[in-house]
Protein chains: 2
Amino acid sequence: MAEVGFARFSAREVAKRIGYAVGTLYNVFGSYDRLIVAINTRTFEQWAAYLEDRLAQPSTDRIAALVEGYFSFAAEHMPLWTAIYDHRLPPDMAMPEGFAARRGALTDVVVREVAAVLPVQLRDRAPRLARSLVATVHGHCTFALNGSFALLGETAPLDMAIARVRESLAASGASMPLADTG
Amino acid sequence: MAEVGFARFSAREVAKRIGYAVGTLYNVFGSYDRLIVAINTRTFEQWAAYLEDRLAQPSTDRIAALVEGYFSFAAEHMPLWTAIYDHRLPPDMAMPEGFAARRGALTDVVVREVAAVLPVQLRDRAPRLARSLVATVHGHCTFALNGSFALLGETAPLDMAIARVRESLAASGASMPLADTG
DNA sequence: TATTTTAATTGATCACCGTCTAATTTCGCA
DNA sequence: TGCGAAATTAGACGGTGATCAATTAAAATA
């Protein structure tokens, strides 16, 4: 998946490379969709670990570090990252047991960091605000990587994303380092 | 495309339904990717027309109308809308001549409306801010429609998107109707 | 160890796909 | 009417996901 991306990924090629027959893959994963779900859930976990690793390094602005980490993980693992959003479960198929929780770990990191900068009396709003800020950053990251921003002449998508996040956190009374106005 | 979605769309089925052979489609559009580009550009234009139509109806909050229009077009034409972002041009293929401009019409609508609420001395910032706000709304819309928000327990993605947009516009000194806090 | 039971693995088969080419049909115009 | 150009076609090629009866390997039992 990391090499060829979602569109050119195939179970046959996976089987060939690991030295098994296609049928074995299907016996193990059940279906093509479940194989993709397994791969993408693994990517989510790598992503969360990547962010935690960045946060573990000393930094004055952990929120900016999160946004940058979101962008750079996507950029450094573009085929894996886009596969997450390229894949859609069939309408009749639910996310297999346990996978949803493993994926949620990524959001948990953001909720924790958002809560840390909110005034104590507003910390219960952190989960909703965090989800919304992830969506904001996701939108900017998507347009940055799929060329939409470039097509429109935008050259600094990351700066825009950070600015939007800071504005929303400020509107909720968060205490943060001053913006780096370059 | 509107019926079966990006993953199950095929040129063969198109040819069958319009009563031509596959080769004819290939001769007309050149490749599968160019066929998809043509379809998706058409969707962009329908989307822009959809937004203009909504703005033509009397409204006290044109910004909110834009965000709602973004969401509702996506929801009402989910397979068409997702096809736009599911498709990625091969690295060696540029967007065919003229298609980029046709797609940009959608952003132009947003730039115009953002400029209208900004203080006159800041109107030159409208293009960049508008692009960023589109990305913000796009992120929320994506998570709303692909089930990410539902999985995390979020029940009002549209409200969140509008709130984020209002915060960012307010931070730029925009004059807008008061938020509906109902 | 010899035998039986269970688990793992295979690959041929099916109905599709995008792409391409040679051959054919249709059309516009002299 | 005839001809050259344009449009259209069928079919081949190498792929795809999915399936499942048959086979092989491993484990459990006697």
Side-chain angles (χ1 to χ4, degrees), chain A residues 1-44 77-99 103 146-147, chain B residues 1-44 77-99 103 146-147:
Chain A
M1 186 69 89
E3 282 181 32
V4 304
F6 184 79
R8 302 198 192 287
F9 180 84
S10 89
R12 276 190 147 88
E13 179 67 16
V14 170
K16 190 188 297 179
R17 294 203 193 184
I18 65 176
Y20 280 88
V22 201
T24 304
L25 269 180
Y26 273 82
N27 290 337
V28 171
F29 288 96
S31 76
Y32 188 72
D33 283 303
R34 288 166 120 97
L35 170 58
I36 305 287
V37 166
I39 293 172
N40 285 347
T41 301
R42 182 174 178 275
T43 302
F44 263 105
H77 308 87
M78 201 147 78
L80 281 178
W81 183 76
T82 61
I84 290 175
Y85 302 100
D86 285 343
H87 182 240
R88 263 175 293 283
L89 287 172
D92 56 342
M93 176 182 168
M95 181 70 67
E97 190 70 29
F99 284 71
R103 292 180 177 212
N146 75 4
Chain B
M1 187 68 89
E3 283 180 33
V4 305
F6 184 79
R8 301 197 191 288
F9 180 85
S10 88
R12 278 189 142 90
E13 178 68 14
V14 170
K16 192 187 297 178
R17 294 203 193 184
I18 66 177
Y20 280 88
V22 208
T24 304
L25 270 179
Y26 185 81
N27 290 337
V28 171
F29 289 96
S31 74
Y32 188 72
D33 283 302
R34 287 166 123 96
L35 170 57
I36 305 288
V37 166
I39 294 173
N40 285 347
T41 302
R42 182 175 179 272
T43 302
F44 263 105
H77 308 89
M78 200 148 76
L80 281 179
W81 183 78
T82 61
I84 290 176
Y85 302 101
D86 285 343
H87 182 240
R88 262 176 293 284
L89 288 172
D92 56 342
M93 176 182 168
M95 181 72 66
E97 192 69 29
F99 284 72
R103 293 180 176 211
N146 74 5

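So that the names make sense, note that chain A is the first sequence line, chain B the second, and so on, each numbered from 1.
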Peer 1: Looking at every non-hydrogen atom in both residues, tell me the closest pair between A/Pro79 and A/Gly5 and how far apart they are.
Peer 2: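 Nearest heavy atoms, A/Pro79 then A/Gly5: CB-CA, 3.8 Å.
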
Peer 1: I need the minimum non-hydrogen distance between A/Val37 and A/Arg103, along with the two atoms involved.
Peer 2: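 Smallest heavy-atom distance, with atoms named: O-NH2, 3.4 Å.
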
Peer 1: First contact, last contact: which nucleotides of DNA chain D are these for chain A, 5' to 3', heavy-atom distance under 4.0 Å?
Peer 2: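 Span of nucleotides near chain A: D/dT16 to D/dC20.
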
Peer 1: Search all heavy atoms of B/Ala38 against all heavy atoms of B/Phe29 and return the closest pair with its distance.
Peer 2: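 Heavy-atom minimum between the residues: CB-CE2, 3.8 Å.
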
Peer 1: Could you tell me the separation between the OH atom of B/Tyr20 and the P atom of C/dT25, rounded to a whole number of Å?
Peer 2: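 Taking OH of B/Tyr20 and P of C/dT25, I get 17 Å after rounding.
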
Peer 1: Any protein N or O atoms within reach of nucleotides 15-17 of chain C? Criterion: under 3.5 Å, listing atom names and distances.
Peer 2:
residue : atom : partner : partner atom : Å
C/dC17  : OP1  : B/Ser10 : OG           : 2.8

Peer 1: Starting from C1' on C/dG11, measure out to CG on A/Leu25 and report it in whole angstrom.
Peer 2: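 Computing the A/Leu25:CG to C/dG11:C1' distance gives 14 Å.
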
Peer 1: Any side-chain heavy atom of A/Phe9 within less than 4.5 Å of one from A/Ile36?
Peer 2: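 A/Phe9 vs A/Ile36: side chains touch.
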
Peer 1: Please find the pair of heavy atoms, one from B/Asp33 and one from B/Arg88, that lie closest to each other, and give the distance.
Peer 2: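 What the structure gives for the nearest pair is OD1-O, 4.2 Å.
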
Peer 1: If each of A/Thr24 and B/Gly23 is mapped to the nucleotide of DNA chain D with the nearest heavy atom, which maps nearer the 5' terminus, i.e. the 5' end?
Peer 2: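 Whichever sits nearer the 5' end wins; that is B/Gly23.
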
Peer 1: Check every strand shown and say whether A/Val22 touches a base, only sugar-phosphate, or nothing at a heavy-atom separation below 4.0 Å.
Peer 2: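 If one applies the 4.0 Å heavy-atom cut-off, A/Val22 turns out to touch nothing in the nucleic acid.
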
Peer 1: Give me the atom names and distance for the closest heavy-atom approach of A/Ala11 to A/Leu35.
Peer 2: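 In terms of heavy atoms, the two residues are closest at CB-CD2, 4.3 Å.
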
Peer 1: Would you please classify the geometry between the B/Phe44 ring and the B/Tyr85 ring as parallel, tilted or perpendicular, with 30° and 60° separating the classes?
Peer 2: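 If you compare the ring of B/Tyr85 with that of B/Phe44, the planes turn out perpendicular.
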
Peer 1: Any side-chain to backbone donor/acceptor pair from B/Asn40 onto B/Ala83? Under 3.5 Å, distance only.
Peer 2: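 Checked: pair present.
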
